[in-house]
Amino acid sequence: MTPTRRTGRRAGAVAALALAVAGCGIRGTSVPVDAGGAPSRVSCKAPAAGTAPGTPGTTQASVYLVCGSALAQVERTVTLPKGSPDADPRLPTARALLTELQRRPSPDEEKAGFSSALPPHLKVTGPRSGDPSDALRLSIRPDDLPSFALAQLVCTYGASTALGRTHAAVLGGPGDDTAHRFDCSADVLANPDIAENAGWGDPLSDVG
């Protein structure tokens, strides 16, 4: 083989290799790639309460709504039912707060990412004979509520001044089961699914 032919073949091989490299993923592809939707971002920043404080028959109250995978506090203006001045305010307050939790979040709250897991048919009554004075009875057993709903209720009741601001709630169901104390801890706020843990809800005999 002559030097001229050998040189020509080398040049052809180099040119072919260059074309192969150029077509092997180095240039950008025009084929669209579906990488999935962009992650949804919500602010979880609560809007201001709608009614000015001091309006007769209303009070400011903190309620806990679901935002993302946690609970966040929202200030609401709550209308309390009228009653005699010497009546125990606990049950009317508990019912008013439950109504707030069952109410659909406002457009501003929804835009910020808030929602509520409370069943619309849930009701609350006062303590039965033999219950502690701060107990509340629900129309659904606490253990049968969705975990986020139970956490919302416990933390909302636990933050209420009229209910003692105990950061807890003593709750029972419609049956003869003993009422239990449920604490609203930082773990519950960050991970409301803890309500599915059978250990949450201390027997009253154990907590005094």
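Here the side chains of H180 and V170 are not in contact, with every heavy-atom distance at 4.5 Å or above. Using a 4.5 Å heavy-atom threshold, the side chains of I140 and D144 count as touching. Between S147 and I194 there is no side-chain heavy-atom pair separated by less than 4.5 Å. Side chains of L138 and T125 form no contact here, defined as non-hydrogen atoms less than 4.5 Å apart. Using a 4.5 Å cut-off on side-chain heavy atoms (C-beta onward), Y157 and L171 make contact.
Put simply, the side chain of Q152 gets close to the backbone of A117: a donor and an acceptor are under 3.5 Å apart. A donor-acceptor pair is defined here as one N or O able to donate and one able to accept, closer than 3.5 Å; no such pair exists between the side chain of R181 and the backbone of A169. For the pair S116 (side chain) and L101 (backbone), a donor-acceptor distance under 3.5 Å is present.
Smallest separation of non-hydrogen atoms from G172 and P142: C-CD, 3.8 Å. Residues P127 and S133 share a closest heavy-atom pair of CG-O, 3.9 Å. Here the closest heavy-atom approach between residue L91 and residue G126 is recorded as CD1-N, 3.7 Å. Residues S69 and P192 come closest through the heavy atom pair O-CD, 3.3 Å. The minimum heavy-atom distance between D193 and F148, with the atom names listed, is OD1-CE1, 3.3 Å. Nearest approach of P174 to S139, heavy atoms of both residues: CG-O, 3.6 Å.
A salt bridge between K45 and E109 is absent, with no side-chain N of the basic residue lying under 4.0 Å from a carboxylate O of the acidic one. Using a cut-off of 4.0 Å between Lys/Arg side-chain N and Asp/Glu carboxylate O, R90 and D134 are scored as not salt-bridged.
A side-chain N or O of Y64 and one of Q73 form a donor-acceptor pair less than 3.5 Å apart. Side chain to side chain, E75 and S62 meet the donor-acceptor criterion of an N or O pair below 3.5 Å.
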Could you walk me through whether E110 and S115 satisfy the side-chain hydrogen bond (donor to acceptor under 3.5 Å, both in side chains) test, starting with their C-alpha distance in whole Å, then the side-chain angles of each, then the deciding distance to 0.1 Å, before giving a yes or no?
CA-CA 7 Å; E110 287 186 334; S115 63; over 6 Å; no

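Once rounded to the nearest 0.5 Å, the distance linking NZ of K123 with OG1 of T99 reads 9.0 Å. Distance check: L118 CG to L145 CG gives 7.5 Å after rounding to the nearest 0.5 Å. Separating the CG atom in L97 from the CG atom in L163 is a distance of 6.0 Å, to the nearest 0.5 Å. Atom-to-atom distance recorded for L153:CG and Q102:CD is 9.0 Å, nearest 0.5 angstrom. Going from atom OG1 of T156 over to atom CG of L65 covers 7.0 Å, rounded to the nearest 0.5 Å. A distance of 9.5 Å separates CZ in F114 from OG in S106, rounded to the nearest 0.5 Å.
Take R137 and apply the salt bridge (charged side-chain N to carboxylate O under 4.0 Å, His left out) test, not counting sequence neighbours, and it matches D131.
A 6.0 Å sphere centred on CG of D176 holds no more than 12 heavy atoms belonging to other residues, nucleotides or ligands.
Among pairs with a residue in residues 101-156, those fulfilling disulfide (SG to SG under 2.5 Å) read C155-C184, at least two apart in sequence or across chains.
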